[in-house]
Each structure stands twice: as C-alpha cells, then as structure tokens.
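Order of listing sets the numbers, starting from 1, for every ligand and every atom in it.
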Amino acid sequence: MPSHRYRDAFSRVRVPLAEPGAEARRWPDARLTRAPLWVPVDLRDGNQALAEPMDPTRKRRFFELMVGMGYTEIEVGYPSASQTDYDFVRLIAEGGVAPEHVTIVVFTPARRDLIERTVASIAGIENEVVIHMYTATAPVWRETVLQRDREELRELILAGGRDLLELAGYLPNVRFQFSPEVFNLTEPDYALEICDAMTELWDARPERPVILNLPATVEIATPNVYADQIEYMHRRLARRDGVILSVHPHNDRGTGVACAELAVLAGAQRVEGCIFGNGERTGNVDLATLALNLHAQGVDPMIDFSDIDGIRSVVEDCNRLELHPRHPYVGDLVHTAFSGTHQDAIRKGLAEHRERAAADGVPEGEAAWRVPYLPIDPADLGRDYAAVIRVNSQSGKGGIAHLLETGYGIELPRRFQIELAGRVQRYADASGGEMTSAELWSVLEREYLWDPGARSPIASASVDASGARSEVTLRIAGAEHRSVHAGTGPIEALTAALASHGAAIEVIGLHQTSVGAGAGAAALSLLEFRGADGRTRWSAGHDGSVLAASTAAVVRAAGTAVVRAAGAGAGVDTGAGVDTGAGVRVGAGAD
Ligand SMILES: CC(=O)SCCNC(=O)CCNC(=O)[C@H](O)C(C)(C)COP(=O)(O)OP(=O)(O)OC[C@H]1O[C@@H](n2cnc3c(N)ncnc32)[C@H](O)[C@@H]1OP(=O)(O)O
Ligand SMILES: CC(C)C(=O)C(=O)O
C-alpha cells in the first residue's frame with residue numbers, strides 16, 4: 001500500500017492552535033449542552049449525489065417531512081443548476097408549501113450569471129431567505145480547478161459577494177451565507193482573511209448576521225484537527241457577534257459525526273448535514289445521528305424523531321437508497337441482541353425498568369433509562385420491544401424465555417429455561433438461522449408435549465377430584481385401571497396410582513403458567529421429576545384446565561420413566577402383558 005502518496009495532502013493541514021507554544025485549546029473541556037441550529041441539505045448536497053436526482057414530488061415530500069420534524073432552516077436546492085431545482089423554489093414562492101417560520105436556503109457559486117438566476121428564483125418568497133454562495137479556497141482547488149492565486153481568488157469571491165449585494169442586498173427578508181469550500185484543506189490565515197472580507201462587505205451585524213459555513217468538503221484529518229480549525233476561526237473572526245458560525249462535515253473517513261460534535265464544542269453554532277447521512281461519496285454528516293446522540297445524553301435535539309421508521313421510509317423513497325441494517329439509531333438491527341449475555345442483561349434491565357416506573361408511579365416512557373446494551377429506549381423512536389431480542393445459536397436461556405414470554409405470555413421457571421435452552425441450541429445449530437417465538441414454541445411442543453400413546457404404554461390418565469378424595473383412571477397398554485385415593489391431592493393420587501403399576505416418579509417441582517391471554521388462554525404445566533434411574537428430567541402438559549395440563553405432564557413423565565426403566569431391563573405392570581421394552585420410542589426430547 002503506497003501510503004506515502006497521501007502525506008503531502010495531510011501535511012498541509014496545519015492549524016496554529018496545534019503548534020508548539022500556541023494558546024491552549026478550549027474545545028477539549030467543553031460540553032454539549034444544547035442543540036445547535038440544524039440545516040438539512042438533503043435537497044441540495046444530498047440531491048446532487050443521487051444517481052437519479054429528486055423529481056418535484058419527491059422534493060416536496062422530503063421538504064414536508066423536514067418541516068414536520070421541526071427543522072426551521074432548510075437548504076432547498078441549487079436553483080441555477082437545474083430546472084427542477086429552480087421550479088421547486090418557485091413553488092415555494094407561490095406559497096402554501098413552506099410555513100412562514102421556515103427559512104429557505106438557496107445555493108449558488110460565485111458566478112454572476114448563476115447568482116442572477118438564483119436571485120430570480122426567490123422573487124416573491126415571503127419567508128426569510130438565505131442565499132448561500134460558495135467558492136473553493138484550498139490550494140489544490142485554487143491551482144488546479146480555478147487556476148487563480150490567492151489574490152485573484154479573493155477578488156473572484158468578493159466580486160460574487162458584490163453581485164449578491166447588488167441583486168439581493170435590498171431585500172429585507174434576505175441574508176447571506178458564504179462557504180469557503182474545502183475550508184479544512186485551506187490555509188487557516190487565508191480562510192480567515194476571506195471570511196473577514198466577506199463579513200465586512202456584507203456588513204455582518206447581530207441584527208442581520210452573516211452565516212460563515214466552514215466545510216470539511218473532503219474529510220482528510222482526524223476530528224481533533226477540524227475542531228482546532230473551527231476554534232481558530234471562532235476565536236479570531238472579526239464581527240463575531242454578527243456571524244453565525246456553521247459547519248458542514250462530510251464523512252470520507254467515517255468520522256463526520258465526530259467532526260461535527262467537536263466543531264460544536266469548538267464554537268460552531270450551526271450544523272449542515274443530511275438526515276441519515278446521504279451526500280457526496282460517503283455522505284454528508286448524519287443529522288439524525290447527531291440529534292439522537294444529543295438525545296442520548298439528555299439534551300433535547302429540538303427535532304422530532306419519535307417515528308423514526310416513518311422518517312426512514314420517506315427518506316429511503318426520496319433518495320432511492322436503502323439504509324444499512326446497522327445504521328445508527330435507525331437500522332433494522334440496532335435495537336436487537338442475538339447474543340445470550342446481552343439478552344440476559346436487556347431482559348433484566350427491561351424488567352427493572354418496568355418495576356421502577358411502577359414503584360415511582362411514573363409512566364415507563366418517562367422513567368430514567370438504564371437498560372444495559374440499549375443506549376436509548378426504542379420506544380422514544382416509535383419502536384416496540386419486539387425486535388430487541390432475537391434468538392439464534394448465539395443466544396441463551398434469557399433470550400428464549402423473553403421471546404416465549406412476549407410471544408405467548410409464558411413464564412418459564414429458571415431451571416426449565418436452562419433445560420429448554422439446551423434443546424433450542426441443538427435446533428439453532430442444526431438450522432444455522434434465527435428462531436422465531438413460533439419456532440421456539442414448536443420446539444417446546446416437540447420435545448415436551450408429545451403424544452403419550454405413541455411413545456409409552458401409559459396412554460392417558462384422568463383424575464376426578466372432589467373434596468379430599470381423588471379417583472384416578474389410567475389407560476395402560478389398552479386396559480383401563482381405576483383407583484380411589486383418600487386424603488391426597490389429585491397429583492399425589494395420580495403418582496400413587498402410577499407407582500402401583502410400576503411407573504413411579506418423584507415429583508421435584510410443578511410449575512404452572514398460562515399460554516396466551518384472555519378467553520383463548522390455556523394452561524401449561526411444567527414438571528420436573530426423577531425416575532428410577534435417578535436422573536432429573538422435565539415433562540409438560542398443555543390443556544384448557546390446569547388439572548388436565550398437570551395430569552398430562554405427569555403421564556408423560558411416568559411414560560418416560562417407564563420406557564427408560566424398560567430400556568434398563570426393568571418391566572412395567574401393564575396389566576396386559578405388553579412388552580414395553582421393545583418397539584417403544586422415546587424422542588430425543590424425553591431424554
Ligand atoms: C462541494 C459542493 O457540493 S459544491 C456544489 C456542487 N454541485 C454541483 O455542481 C451541482 C450543480 N452544478 C451544475 O449544475 C453545473 O456544474 C453548473 C450549472 C453550476 C455550472 O455548469 P457549467 O457552466 O457547465 O460548468 P462546469 O460545471 O463544467 O464547470 C464549473 C466551472 O465553474 C467554475 N467554478 C466552480 N466553482 C465555482 C465557484 N464556486 N465560483 C465560481 N466559479 C466556480 C469552475 O472553475 C469551472 O470553470 P471553467 O468552465 O472556466 O473551467
Ligand atoms: C460548499 C459547501 C457548503 C459544500 O457543499 C461542501 O463543501 O461540501
């Protein structure tokens with residue numbers, strides 16, 4: 001890799017703040033305490049990066065989305081670039097599209113013909129308008145693209161500034177913005193000289209401030225360098241109180257968000273970017289991530305992301321670009337844990353959250369958030385908890401229990417969770433894929449709710465309990481056996497009856513839970529038992545009544561014990577001389 005080829009570009013990025021003996025930086029100790037002014041540039045910078053730029057319908061839909069989210073300053077296009085962009089600005093001028101509190105930004109290079117067209121596009125707009133003029137100032141652009149030296153370029157820019165003053169300076173609703181494009185690769189003293197010249201020319205004052213927008217047009221250095229560059233400008237700019245200092249990071253190094261955040265610490269008041277980070281090459285800085293990073297630190301971003309999936313769908317439709325499943329905050333997988341220990345922690349954290357909210361008497365959506373592995377509550381973004389935990393072979397008992405609980409309302413005892421997780425693991429390993437709650441339920445059915453008659457000689461049992469007396473009817477190998485038991489509960493009576501037919505089990509624990517809710521709910525009994533071989537196993541029963549479910553669980557347990565014992569050479573008193581040792585299959589689940 002010929003990395004040395006890039007040293008030259010990087011070595012030009014020298015900021016006096018970073019040099020020995022320079023005054024100490026202030027940004028490292030600063031904190032983000034409020035939202036900057038946000039300016040989405042999706043309809044201009046984002047749009048110019050699309051293979052298929054937005055048509056008027058898509059532009060309008062996107063614009064309305066941004067207004068609905070609470071953006072109050074929106075760059076709507078580059079009116080001299082295309083008829084579509086021009087027409088969209090004219091549509092705004094005709095009224096009814098932009099609420100009066102929204103500032104409209106239009107973009108132009110410093111070329112008189114293009115400035116004229118830009119000014120023509122805004123005629124009649126009653127909203128506040130910002131005309132945003134740009135020219136690249138970095139050495140490579142000066143030398144290679146514009147072929148002007150520092151002085152000549154300064155003159156070109158000031159000429160553009162004068163054109164703007166002449167053509168639009170008299171309009172009371174118009175303010176000006178200047179961007180030294182590729183600011184981050186421009187010599188700091190030159191950027192400062194040009195910016196000060198522009199604010200002087202445009203008479204920047206607090207009552208009619210000029211926006212100076214300092215782009216990292218192509219991101220090339222670490223974010224601390226950009227922060228130094230911004231602080232350098234922030235501390236030296238003339239007419240500082242008449243300047244709104246703005247930044248416009250791109251994301252070539254994948255650090256656009258960090259650049260914007262450090263730039264705000266360094267004195268920037270305004271941030272331009274695109275919602276979800278569309279834009280040239282790797283994109284403009286992602287305004288959604290920036291806003292939600294603030295939210296996650298307890299600072300109101302002043303933009304409404306409470307329906308993030310609705311926002312995403314409009315943005316994807318308008319840009320015709322899909323978002324990555326791991327895109328911060330919005331990707332399909334960003335609130336999902338597959339791994340066992342994360343699931344365990346999330347499940348405990350969600351339970352703690354519910355309990356604390358109830359104990360404090362506050363709605364769950366208001367209670368302080370401290371759920372492990374979930375930096376923010378998915379509900380803040382309009383998402384539910386369904387996707388928070390998903391199960392595959394990396395998952396553990398907590399995740400499986402969570403899915404059965406949320407999918408079926410089943411509460412599994414901890415020891416059964418451990419037992420079931422082992423079974424699920426085998427299925428997940430075999431399939432290699434994800435398991436839904438329905439698939440988990442079917443594992444539970446297959447492993448623990450099998451048909452007794454098909455697997456053991458003990459086909460069924462029923463218990464008729466009244467008062468302190470229980471009548472037990474067993475069907476073993478086709479024959480019916482009745483017995484009456486006094487002074488015991490139904491399950492004890494049943495186990496006693498089974499024991500008298502050579503199918504003794506020791507009940508270690510019986511756990512009952514419901515499956516489903518309301519009128520359709522059924523009972524699920526989970527039985528932990530020990531057979532003659534001394535091993536602990538589980539069986540289950542599922543029925544409309546709790547007693548029938550528990551009876552079925554005991555019958556399966558006894559059947560398992562009998563078949564195991566027969567396999568080990570012992571017989572069962574079937575009453576009909578049936579050889580239980582042969583031809584009886586106990587599924588893997590009964591082991
Ligand atoms: C970092 C950014 O996002 S900057 C914005 C980039 N966006 C776009 O370019 C999208 C819209 N652009 C367009 O539609 C066209 O490029 C237009 C209409 C603006 C100009 O088109 P053309 O007149 O055909 O010129 P073309 O794009 O080929 O070249 C640009 C010319 O403007 C000059 N130029 C470039 N930037 C500027 C500027 N900010 N101010 C003045 N002149 C400039 C270039 O040097 C070049 O001049 P040359 O023809 O004398 O060599
Ligand atoms: C000219 C500015 C605003 C820009 O779009 C960029 O530098 O990317």
Side-chain angles (χ1 to χ4, degrees), residues 39-54 73-89 105-118 120-121 130-138 140-149 152-164 176-186 191 194-195 198 211-220 226 229-230 244-253 256 259-260 263 268 270-274 277-287:
V39 182
V41 295
D42 300 76
L43 301 180
R44 196 279 297 173
D45 213 352
N47 188 52
Q48 78 190 32
L50 298 176
E52 219 184 300
M54 287 179 239
E73 188 175 344
I74 300 173
E75 190 162 272
V76 299
Y78 192 145
S80 63
S82 74
Q83 193 62 40
T84 308
D85 275 29
Y86 187 89
D87 289 346
F88 187 66
V89 182
V105 185
V106 288
F107 188 72
T108 179
R111 248 175 63 179
R112 187 168 175 102
D113 57 334
L114 302 179
I115 291 172
E116 279 168 349
R117 178 113 174 117
T118 307
S121 76
V130 169
I131 304 182
H132 177 184
M133 189 186 86
Y134 83 99
T135 303
T137 50
V140 171
W141 275 253
R142 287 198 311 259
E143 291 149 18
T144 312
V145 185
L146 302 162
Q147 297 175 349
R148 283 172 168 86
D149 64 18
E152 290 165 338
L153 189 69
R154 184 178 196 273
E155 190 34 48
L156 180 146
I157 294 168
L158 285 170
R162 283 192 290 272
D163 289 339
L164 262 182
F176 297 135
Q177 169 172 352
F178 174 67
S179 292
E181 188 195 347
V182 222
F183 158 81
N184 60 326
L185 285 177
T186 303
I194 299 286
C195 286
M198 293 308 285
I211 300 162
L212 289 176
N213 183 49
L214 308 178
T217 303
V218 181
E219 194 184 38
I220 188 164
Y226 191 53
Q229 292 171 316
I230 299 300
I244 297 175
L245 188 57
S246 176
V247 290
H248 178 110
H250 278 264
N251 194 38
D252 298 81
R253 304 176 70 256
C259 279
R270 180 181 179 276
V271 178
E272 295 189 351
C274 290
N278 175 44
E280 299 279 9
R281 305 175 307 282
T282 52
N284 286 76
V285 69
D286 178 349
L287 289 186

> Taking all non-hydrogen atoms of both residues, which atom of Tyr226 and which atom of His248 are closest, and how far apart?
Replying inline: OH-N, 3.6 Å
>> Side chains of Val218 and Arg281, heavy atoms from C-beta outward: is any pair under 4.5 Å?
In response: yes
> Would Glu155 and Arg162 count as a salt bridge (charged side-chain N to carboxylate O under 4.0 Å, His left out) if you check the C-alpha gap in whole Å, the side-chain angles of each, and the deciding distance to 0.1 Å?
Replying inline: CA-CA 10 Å; Glu155 190 34 48; Arg162 283 192 290 272; 2.5 Å; yes
> Should the pair Glu152-Arg142 be classified as a salt bridge under the 4.0 Å nitrogen-to-oxygen rule?
Replying inline: no
>> Restricting to non-hydrogen atoms, name the atom on Asn284 and the atom on Gly46 that form the minimum distance, rounded to 0.1 Å.
In response: OD1-N, 4.4 Å
>> Ring centroids only, cut at 6.0 angstrom: are Phe178 and Tyr134 within range, meaning strictly under it?
In response: no
Which protein N or O atoms sit under 3.5 Å from any N or O of ligand 2? Give each pair with its distance.
unit_1	atom_1	unit_2	atom_2	d
ligand 2	5 (O)	Arg44	NH1	3.3
ligand 2	5 (O)	Arg44	NH2	2.8
ligand 2	5 (O)	Asp45	OD2	3.1
ligand 2	5 (O)	His248	NE2	3.1
ligand 2	7 (O)	Thr217	OG1	2.5
ligand 2	8 (O)	His248	NE2	3.1
ligand 2	8 (O)	His250	NE2	2.9

>> Keeping Gln177 on the side-chain end and Val130 on the backbone end, is there a donor-acceptor pair under 3.5 Å?
In response: no
List of N/O pairs, ligand 1 versus protein, all under 3.5 Å?
unit_1	atom_1	unit_2	atom_2	d
ligand 1	3 (O)	Arg44	NH1	3.1
ligand 1	3 (O)	Gln48	NE2	2.6
ligand 1	7 (N)	Gln48	OE1	2.9
ligand 1	7 (N)	Gln48	NE2	3.4
ligand 1	23 (O)	Arg111	NH1	3.2
ligand 1	23 (O)	Arg111	NH2	3.3
ligand 1	32 (O)	Arg111	NH1	3.4
ligand 1	39 (N)	Tyr134	O	2.7
ligand 1	40 (N)	Ala110	N	3.1

> Distance only, no hydrogens: is a donor on one side chain within 3.5 Å (strictly under) of an acceptor on the other, for Ser246 and Arg270?
Replying inline: yes
> For Glu75 and His132, does a side-chain donor sit closer than 3.5 Å to a side-chain acceptor?
Replying inline: yes
